[in-house]
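When reading the values below, keep in mind they use all heavy atoms of this one structure, side chains included, and skip hydrogens, waters and symmetry mates. Start at 1 and go down the list; that is how both ligands and their atoms are numbered. Numbering starts at 1 and runs along the sequence shown. Just so it is clear, the model here is predicted, and its values are computed rather than measured.
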Amino acid sequence: MRVLTLSGLTFAALFTAACGGADKPAETTAAQSPAVEAPAAPVAEAPVPTAEAAPVAAPVAAPAAAAPAAAVTYASLTGDAAKGEKVFAQCKACHVAEAGKNRVGPSLWALVGRTAGMIPGFNYSKANKASGVIWSEDVLFTYLEAPAKFMPGTRMAFGGLKNAQDRADVIAYLKTKA
Ligand code: HEC
């Protein structure tokens, strides 16, 4: 009986406390609820576009980053000497590919495989003459993309052949000039 009474009292007390406090906490909860949901909504939404943007951005960025990274190697290309002769038109303002004829630039006869700065009678820059570079096909492939970048201080005022196939072609052409 005492236990039951205590239980009843305890229950009543709990009931009263629960009911008495029910209004206030309920209001508080109701008032808080939207407040909690309001920030929760943008927070919940935010990761969604971010998560969607990430996979979208990743594939877009990947090829863009891969393009320069997977920059065409000389070995992967086959130079076409006939096409290279046309590309060489851009060099003709300053070079000929005949032996012993220097113009603004030195003769490019027998260029492939020779050491930089070796043409007699041509007034090379220090940068070129002292470079120690050997004009292998691979080196020419890199040099001709951006001469001043490869050889800072060169007097060759030529922006470069940005197209890798053009470079392979002009190298193929120059190889026939030896
Ligand atoms: C605006 C003139 C100009 C153009 C265009 C030009 N060059 Fe040159 N080139 C020069 C000059 C000047 C030098 C000498 C650079 C130095 O002494 O620093 C040179 C040097 C070089 C050398 C080094 C030769 C050596 O004996 O060490 C190579 C290779 C070369 N040019 C290739 C080319 C090719 C291939 C093209 C065309 C795709 C080209 N150049 C276009 C002016 C030019």
Open item on the list: Using only atom types and a distance under 3.5 Å, with no angle test, would you say the side chain of Asn128 pairs donor to acceptor with the backbone of Gly117?
Closed with: yes
Task: Selection residues 88-105 - residue pairs positive for side chain to side chain donor-acceptor pair (under 3.5 Å), sequence neighbours left out - done: Glu98-Lys101
Task: Contacting atoms of ligand 1, where contact means under 4.0 angstrom from a heavy atom of Asn128 - done: 15 (C), 16 (C), 17 (O), 18 (O), 23 (C), 27 (O)
- [ ] With heavy atoms of Gln90 as the reference, note each atom of ligand 1 found under 4.0 Å away.
- [x] 5 (C)
TODO: Look at atom 25 (C) of ligand 1 and say which protein heavy atom is nearest, naming residue and atom and giving the distance to 0.1 Å.
DONE: Trp135 NE1, 3.4 Å
Open item on the list: Could you tell me, atom by atom, which parts of ligand 1 come under 4.0 Å of a heavy atom of Arg114?
Closed with: 25 (C), 26 (O)
Open item on the list: Strictly distance-based, threshold 3.5 Å: is any side-chain N or O of Arg167 a donor or acceptor partner for the main-chain N or O of Lys162?
Closed with: yes
Task: Sub-4.0 Å heavy-atom contact, Phe88 with ligand 1 - done: no
Task: Minimal non-hydrogen separation, Pro152 against Lys149, with atom names - done: CD-O, 3.8 Å
Task: Close-contact set for ligand 1 against Val104 heavy atoms, below 4.0 Å - done: 12 (C)
Open item on the list: Looking at ligand 1, is there an atom of it that comes within less than 4.0 Å of some heavy atom belonging to Lys129?
Closed with: no
Open item on the list: Tell me the closest heavy-atom pair linking Pro147 and Gly159, and the distance in Å.
Closed with: CD-O, 3.6 Å
Open item on the list: Quick one, Val139 with Phe150, criterion side chain to side chain contact (heavy atoms under 4.5 Å, CB included). Give me CA distance, side-chain angles, the key distance, then yes/no.
Closed with: CA-CA 9 Å; Val139 168; Phe150 179 90; 3.6 Å; yes
Task: Atom indices of ligand 1 within 4.0 angstrom of Leu111 heavy atoms, with elements - done: 29 (C)
Task: Region of Leu161 engaging ligand 1 - heavy atom pairs below 4.0 Å - done: side chain
Task: Atoms of ligand 1 close to Ala116 [distance to a heavy atom under 4.0 angstrom, numbered from 1] - done: 27 (O)
- [ ] Have a look around atom 8 (Fe) of ligand 1 and list protein N/O/S atoms under 2.8 Å, or say none.
- [x] His95 NE2, Met156 SD
Open item on the list: Return the closest protein heavy atom for atom 26 (O) of ligand 1 as residue, atom name and distance.
Closed with: Tyr124 OH, 2.6 Å
TODO: Drop me the distance from Phe158's CZ to Cys91's SG, to the nearest 0.5 angstrom.
DONE: 5.5 Å
- [ ] Report the distance from atom CD1 of Ile171 to atom CG of Asp166, rounding to the nearest 0.5 Å.
- [x] 11.0 Å
Open item on the list: With rounding to the nearest 0.5 angstrom, report the CD to OG distance, Gln165 to Ser76.
Closed with: 8.5 Å
TODO: Identify, for atom 22 (C) of ligand 1, the protein heavy atom at the shortest distance, and state residue, atom and that distance.
DONE: Tyr143 OH, 3.7 Å
Open item on the list: Does any N or O of ligand 1 fall below 3.5 Å from an N or O anywhere on Ser125, backbone included?
Closed with: yes
Open item on the list: Please list the nearest protein heavy atom to atom 15 (C) of ligand 1 with its residue and the distance rounded to 0.1 Å.
Closed with: Thr154 OG1, 3.4 Å
TODO: For residues Phe88 and Val96, report the shortest heavy-atom separation together with the two atoms involved.
DONE: CZ-C, 4.1 Å
TODO: Measure the CG-CD distance between Leu174 and Glu85 for me, rounded to the nearest 0.5 Å.
DONE: 10.5 Å
Open item on the list: Under 4.0 Å, heavy-atom basis, I'd like to know which part of Val87 is in contact with ligand 1: side chain, backbone, both or neither.
Closed with: neither
Task: Under 4.0 Å to a heavy atom of Leu140 - the qualifying atoms of ligand 1, by number - done: 29 (C)
TODO: Looking only at non-hydrogen atoms, find the nearest pair between Ala82 and Asp80 and report the distance.
DONE: N-OD1, 2.9 Å
TODO: Check each atom of ligand 1 against the heavy atoms of Leu144 and keep those under 4.0 Å away; list them by number with element.
DONE: 32 (C), 33 (C), 34 (C), 35 (C)
Task: Contact summary for Lys83 and Asp169, nearest pair of heavy atoms - done: CB-OD2, 3.5 Å
Task: Nearest non-hydrogen protein atom, atom 14 (C) of ligand 1 - done: Phe122 CE2, 3.7 Å
- [ ] For ligand 1, find out whether one of its N or O atoms is nearer than 3.5 Å to an N or O atom of Met118.
- [x] no
Open item on the list: Tell me if a side-chain donor or acceptor on Tyr124 pairs with a main-chain N or O of Ala130 at a distance below 3.5 Å.
Closed with: no
TODO: Kindly give the heavy-atom pair with the smallest separation between Thr115 and Trp135, and that separation in Å.
DONE: C-CD1, 4.3 Å
